[in-house]
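Working notes, beginning with the structure itself.
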Number of protein chains: 2
Amino acid sequence: MKNRLKVLRAERDWTQAQLASALNVSRQTINAIEKGKFDPSLPLAFKAARLFDLAIEEIFQDQVETVEN
Amino acid sequence: MKNRLKVLRAERDWTQAQLASALNVSRQTINAIEKGKFDPSLPLAFKAARLFDLAIEEIFQDQVETVEN
DNA sequence: AATAAAAGTCAAATGAACTTTACATTTAAT
DNA sequence: ATTAAATGTAAAGTTCATTTGACTTTTATT
């Protein structure tokens, strides 16, 4: 899962800590999501979408997954 | 978090088991999500959106949360 | 009424999201 | 070169998403 958080932050000149506080999560959570360590929960994705006034799909992009079997 | 999975299934005449298999999750996961027991992960929400060819927001609706403090 | 399929539910287990604390590295300013 | 702020990272713990297996209840069909 890719995301545009870093860019959206940069456009607004926000630090990871400021974004974290706006979303009520820890700074490490924002850092981990930006670095692709894990995906946000759906509720957190919704919060970010509301904050930036964007659709979830405009912030987070699913990598089309290779299904074996 | 509300969702329209049951209706979307009904429109297509799919069982929970069929939807589960289309999304590569267990039937119990679909049941629990439909019954509001928990929210899907973001990747699962994306899968559902792709399957139904809808935006995530057209399937899942966040309840605007009451923030105390 | 009997049967079968679908839906609901529960418990135990696993993995992933998220927290807190703490420290190291990078970036940018003086 | 120092300093401060921002970013990166790691470990340990908690909560929640998801699985498997099993059982009960509901809904349709015959």
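What you are looking at is a predicted structure, and each value in this text was computed from that prediction instead of being measured. Proteins get letters first, then strands, A, B, ... in listed order; numbering begins at 1 in each.
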Run the side-chain contact (heavy atoms from CB on, under 4.5 Å) test on Leu44(B) and Leu42(A) for me, step by step, so that the C-alpha distance in whole Å, both residues' side-chain angles and the decisive distance to 0.1 Å come before the verdict. CA-CA 9 Å; Leu44(B) 181 50; Leu42(A) 186 55; over 6 Å; no
Starting from [atom2] on [N], measure out to [atom1] on [X] and report it in whole angstrom.
| X | N | atom1 | atom2 | value |
| --- | --- | --- | --- | --- |
| Leu19(A) | dT7(D) | CG | C1' | 14 Å |
| Gln28(B) | dG8(C) | CD | C1' | 10 Å |
| Glu34(A) | dC18(C) | CD | C1' | 16 Å |
| Leu5(B) | dA6(C) | CG | P | 18 Å |
| Lys35(A) | dT25(C) | NZ | P | 15 Å |
| Lys47(B) | dA17(D) | NZ | P | 17 Å |
| Ile30(A) | dT9(D) | CD1 | P | 16 Å |
| Phe38(B) | dG8(C) | CZ | C1' | 13 Å |

Is the phosphate of [N] approached by [X] (side-chain N or O, under 4.0 Å from OP1 or OP2)?
| X | N | result |
| --- | --- | --- |
| Arg9(B) | dA7(C) | yes |
| Arg27(B) | dT9(C) | no |
| Lys37(B) | dA17(D) | no |
| Asn31(A) | dT7(D) | no |
| Thr29(B) | dT19(D) | yes |

Would you classify [X] as touching base, sugar-phosphate or nothing, given that sugar-phosphate means primed atoms plus P, OP1 and OP2, and contacts are heavy atoms under 4.0 Å?
| X | result |
| --- | --- |
| Ser26(B) | base |
| Thr15(A) | sugar-phosphate |
| Ser41(B) | sugar-phosphate |

Looking only at heavy atoms, which two atoms of [X] and [Y] are closest? And how far apart?
| X | Y | value |
| --- | --- | --- |
| Ala22(A) | Leu51(A) | CB-CD2, 3.9 Å |
| Asp39(A) | Met1(A) | OD1-CB, 2.8 Å |
| Lys47(A) | Asn24(A) | NZ-CB, 3.6 Å |

4.5 Å side-chain heavy-atom contact, Phe60(B) and Leu54(B):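 A side-chain contact is absent here, since even the closest heavy-atom pair is not under 4.5 Å.
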If you check every side-chain atom of Gln16(A), which of dT18(D), dG8(D), dA7(C) has the closest atom?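 It is dG8(D).
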